[in-house]
Structure formats: structure tokens, C-alpha cells
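Contents: one structure, followed by commentary.
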There are 2 protein chains.
Amino acid sequence: MQDSKQTGDEPSPGLVSTAIQAITQHIRAEGLAPGDLLPSEAAMTRQLNVSRTVVREAFRSLSAMRLIDMSAGRRATVAKLDTGAMSMVIEHGITTQQISVQQVYDVRRTIEMRTVALAALRRTDAEAAAIASSARLMRENFRHPEIVMEHDIAFHEAIAGASHNPVFSLIVTAFSGVTRRTWVIGWRTRSTDEDQLKMIKGHEDIAEAILKGDPRLAAEHMAQHFDKSVKALLDAGIA
Amino acid sequence: MQDSKQTGDEPSPGLVSTAIQAITQHIRAEGLAPGDLLPSEAAMTRQLNVSRTVVREAFRSLSAMRLIDMSAGRRATVAKLDTGAMSMVIEHGITTQQISVQQVYDVRRTIEMRTVALAALRRTDAEAAAIASSARLMRENFRHPEIVMEHDIAFHEAIAGASHNPVFSLIVTAFSGVTRRTWVIGWRTRSTDEDQLKMIKGHEDIAEAILKGDPRLAAEHMAQHFDKSVKALLDAGIA
DNA sequence: CGGGAAAAACCTGTATGACAGGTTGATGTC
DNA sequence: GACATCAACCTGTCATACAGGTTTTTCCCG
């Protein structure tokens with residue numbers, strides 16, 4: 001249990017970990033911003049006095065976490081904030097049954113109760129319009145579950161974006177992958193058109209409350225939405 | 001360089017991404033659990049018909065995200081849920097100034113208002129004792145900021161653990177790294193012993209509410225704690 | 001026959017060299 | 001001075017080699 005120094009400064013066994021730290025350290029020390037160039041693999045090889053193999057595995061690891069961007073011929077650059085790694089962790093937890101879908105929904109509910117309130121307070125007009133637009137597109141395509149789902153996901157991500165806190169966006173987006181795998185199950189429990197449209201109505205209510213700038217009302221609608229969604233999943237027997 | 005252009009199912013960016021997907025896909029398809037063995041690099045090399053370099057970079061990437069565990073001589077195994085990747089993403093956001101400390105605190109507050117309520121409802125006696133113990137150790141060491149900080153962090157992680165939802169634990173733990181970098185700043189704004197002990201008292205109040213099983217009271221104390229912490233950071237000029 | 005040590009078979013960690021192809025900046029021509 | 005061409009860099013992938021670590025097999029000895 002003593003080896004759980006996640007982002008500590010210990011060079012855990014291996015040259016690659018050291019190299020990874022050297023790179024992140026470089027970003028920190030140089031105060032690099034997204035888009036800025038990192039040293040070339042050759043330069044890093046000389047600096048650390050290890051083989052290119054090691055340096056390359058380090059770069060590649062950071063690239064997999066989307067902390068840096070790599071592409072052929074060009075040096076790596078510092079990446080913009082991206083949910084890549086986070087969603088992989090969540091998905092890993094789900095597929096290895098260390099996390100249940102219900103637990104994810106509990107976290108989502110907690111977070112989105114807040115994002116929706118913040119969105120009501122902080123949204124720009126364009127953001128309010130985008131949110132409302134997603135809800136409208138859900139209704140217009142309600143015969144096509146796949147399309148409804150994508151607009152549903154876009155709806156929640158747009159709300160997180162309108163909270164103007166990128167950490168919320170990061171987390172909400174990280175959950176989108178899980179949603180894609182379970183959404184249709186919840187949809188199917190709404191067997192009649194009426195049930196399905198009622199669920200879409202819930203989204204419209206949220207969008208409207210955000211447009212009106214009423215955080216309390218928005219949060220209330222969001223709570224109802226999540227309570228119904230969780231109930232739908234439970235009815236369908238999702239663990 | 002053998003040619004394997006049979007089908008056009010090559011995903012976007014390169015062979016390594018393909019290999020990463022193949023490995024995660026393997027975990028999913030075989031229903032592997034933490035600790036289970038993954039194929040060897042040689043086996044994966046044959047299966048994917050790519051060089052060991054590519055396979056290795058894929059394994060290493062997953063290892064960097066702590067989705068798998070690697071060690072010399074042994075095959076890689078499926079890893080237990082770990083916050084590694086998540087905290088790297090958060091730290092990256094902070095160091096590249098894409099996230100502010102205050103934004104992190106807003107997310108923490110949102111989440112911990114919930115974890116503390118869940119902890120009050122679900123905690124085992126042992127968990128309640130561990131939480132109280134962290135608070136007590138803060139008081140006992142209040143002359144040694146470093147030690148207080150570690151118990152503070154352990155306190156919050158213990159509460160997240162007592163929520164019995166690993167996703168909350170994951171997120172709270174991911175923020176611990178940031179806390180380690182800013183905690184002492186907040187502490188310094190509490191210049192007198194009285195102020196410092198008042199802050200520790202806040203933790204004890206939370207622990208007591210959890211012990212009593214009163215979620216509302218626990219959440220209230222947690223809210224106060226965060227409000228004061230954020231105020232302290234703002235006073236210190238943290239962006 | 002059984003226990004256990006030595007050997008074999010695997011496996012990962014790291015290094016080196018090679019080459020294809022993308023990118024960028026310098027050269028040099030018109 | 002504009003522009004095409006080329007040289008210098010750089011990443012992506014492959015092949016090979018060898019030093020340890022780990023697991024399995026083998027086989028000797030009691």
C-alpha cells in the first residue's frame with residue numbers, strides 16, 4: 001500500500017517513469033502553454049542519457065493521456081485539456097466491474113445538479129441557445145434513438161460547458177462513454193411515445209430554466225431527470 | 001516491413017492506438033478482473049502483426065494510466081482502480097493554467113458535500129473511527145503544518161471512501177495532488193493558533209456529524225469548511 | 001517415490017541501428 | 001523578391017540483441 005504515490009516525485013522503478021516526470025517537469029519549469037513545443041526525442045535522449053526507446057515510451061504515455069499531442073514529423077506539443085485519460089479510467093472501472101453504472105449515475109447527478117445551476121447563472125445567450133437546440137433536436141428526432149442519444153449527451157456537455165468551469169466539463173464528458181453504453185437501455189423502458197416525449201420534455205424544462213436564469217428551478221428539473229433515469233436503469237436490471 | 005493492408009479497418013492515428021484498443025478490447029471480451037493476466041507482448045505482436053515496439057508502447061501507455069500493472073519478467077495484469085491518470089490530467093490543467101485552483105475547489109465542494117452526506121448515512125463504525133482519528137491527529141500535530149496537511153487529505157479521502165462509491169474516491173483522490181500544492185498557502189492565512197485550531201475544529205465537527213449519522217449537519221459543516229478554505233485562498237491571492 | 005535444486009523456457013526492460021515518410025527552414029535560381 | 005528545390009530534422013515502425021527477472025520443467029538425490 002505504500003506505493004500509492006500517484007503524482008509524487010519518486011522515480012518509481014524504471015527509466016520511463018523518470019522520463020515522464022522529466023517531461024512534465026519541463027512543462028512546469030518552462031511554464032509551457034497548450035500548443036507550445038516540447039523538446040525532440042533526440043534532445044530528451046541526450047539530456048536524460050537514456051535510449052530513444054525509453055524517451056519514446058514516455059512521450060507515448062503522455063500522448064495516451066492526452067497531455068501532449070504527437071504527430072509525425074513534428075515535435076510534440078502541450079495539449080489542451082482533454083478528457084481522454086479520464087474516460088478511459090471510468091470505462092476501465094466499468095468493464096472490470098469495479099464500478100457500477102448506478103454509481104456513475106450518482107456521481108453524475110451530484111455534479112450535474114451543480115453544473116445546471118451554474119449554467120443558469122453564467123450561461124451566455126449563445127450557450128442557452130445551444131442547450132435549447134439540443135433539446136429541440138431530441139424531440140425532432142425522437143423516432144431515432146441513436147440520434148436522440150447523441151443530442152442528449154451533447155445537451156449535458158453543453159450545460160457543463162456553460163458552467164464555465166472546465167473541470168466540470170472534463171468530468172461530465174468523461175462519463176459520456178458510459179452513457180453511450182447504457183442510454184438505450186433506459187430508453188427502451190420508456191415503451192410508449194408518451195413516455196419518451198415526457199423524458200424529452202424534461203430536457204426542455206431544464207433548458208428553459210437555464211434560459212430564464214433560474215438556478216433553483218433548473219436544479220429541480222435536473223434532479224427529477226436523474227431520478228427518473230436511475231429508476232429506468234434499475235427497472236431494466238442494471239447493477 | 002510486412003504488408004497488412006487487407007482490410008481498411010485501420011483506425012485514425014497509428015498502430016499504437018490500434019494496439020491499445022486491442023488490449024482494452026481483450027480485457028472487455030474476456031471479462032478480465034483486476035489481477036488477471038494479459039497476453040504477453042510477444043503474443044500480442046503475433047496477433048496484431050506489428051512490431052514489438054508498437055505493442056510495447058501500447059502496454060506502456062496503459063500502464064501510465066494505471067489501467068494495467070507491469071513488472072519485469074511477469075506478464076502485465078489488469079489493475080485495480082487507481083487515480084493515477086486522473087490526477088495527471090488535473091495537474092496538467094493546473095500547470096498549463098487551463099484550470100484555476102478555485103475551479104478545482106468549486107468541484108471539490110460540490111462533490112464533498114455529497115460524499116460527506118453519504119458517509120453519514122453509510123459509514124461503518126471503523127470508517128467513522130478512521131475519519132475521527134484523522135481529525136484528532138490534525139489537532140495533535142497542529143504545530144507541524146506538513147503533518148496536519150497529510151491528515152487533512154487523509155480525512156477527505158476517508159470520507160470519500162465511506163461514501164462507498166469508488167467514483168467519488170477516484171475524483172477526490174485525484175484532487176489531492178493539487179491540494180498538496182496549495183494547502184500550505186491557506187494555512188498561512190490562518191496566522192494565529194486560534195484560527196488554526198478553529199479550522200481543525202471544523203474537521204472535528206464534520207467527523208462528529210458523520211459519527212452521529214446526520215447527513216444534513218455533516219453537509220452543513222462541510223460547506224462551511226469549504227467556504228472558509230476558498231476564502232482563505234482568495235485572501236492569499238490564488239487565482 | 002518425493003522433495004528440491006538446477007536448468008530451460010518465457011518475459012519484460014533497455015539499447016542500437018536502420019529506414020520510410022512528414023515538416024520546416026535554408027539554398028539558390030529566375 | 002517570389003518561389004521551387006533541397007537539406008536538415010523529426011517522428012513512426014521494424015529488427016535484433018542482451019541483461020535480468022519469473023515460471024515451469026526436468027532430473028538428481030535421498
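Residue numbers begin at 1 in each chain, while the letters A, B, ... track the order of the sequences.
Qualifying side-chain hydrogen bond (donor to acceptor under 3.5 Å, both in side chains) partners for R109(A), counting only residues two or more places apart in sequence or in other chains: D227(A).
Taken to the nearest 0.5 Å, the CD atom of E150(A) stands 9.5 Å off from the CD1 atom of I147(A).
Distance M70(A) CE to dG22(C) P: 17 Å, rounded to the nearest Å. Note: CZ (R75(A)) to C1' (dT24(C)) measures 11 Å, nearest angstrom. For R52(B) and dG12(D), the CZ to C1' distance is 18 Å, given to the nearest whole Å. The separation between N49(B) atom CG and dT13(D) atom C1' is 13 Å, rounded to whole Å. One atom, CD of E57(A), and another, C1' of dG12(D), lie 14 Å apart when rounded to the nearest Å.
Of the candidates dT11(D), dT13(D), dG13(C), dT13(D) carries the atom nearest the V54(B) side chain, counting heavy atoms from C-beta on. Here dT14(C) is the nucleotide among dT14(C), dC14(D), dT12(C) with the atom lying nearest to any side-chain atom of L15(A).
A close approach under 4.0 Å does occur between a side-chain nitrogen or oxygen of R56(A) and OP1 or OP2 of dG12(D). At the phosphate of dT14(C), OP1 or OP2 sits under 4.0 Å from a side-chain N or O atom of R60(B). OP1 or OP2 of dT24(C) lies within a sub-4.0 Å distance of a side-chain N or O belonging to R74(A). Residue S51(A) places at least one side-chain N or O closer than 4.0 Å to OP1 or OP2 of dA15(C).
Across the interface with DNA chain D, nearest-nucleotide mapping of A76(A) and S71(B) shows A76(A) to be the residue nearer the 5′ end.
Within the 3.5 Å criterion, the main-chain N or O of R46(B) finds no donor-acceptor partner in the side chain of N49(B). In terms of modelled atom types and a separation under 3.5 Å, the side chain of S40(A) and the main chain of A43(A) share a donor-acceptor contact. Formation of a donor-acceptor pair under 3.5 Å by the R75(A) side chain with backbone atoms of L38(A) is found in this model.
The stretch residues 37-46 of chain A does not touch DNA chain C, since none of its heavy atoms comes less than 4.0 Å from the strand.
Ring geometry, H156(A) versus H225(A): the interplanar angle falls under 30°, so the pair is classed parallel (tilted spans 30 to 60°).
Geometrically, R56(B) does not engage F59(B) in a cation-pi contact defined by less than 6.0 Å to the ring centre and at most 45° from the axis.
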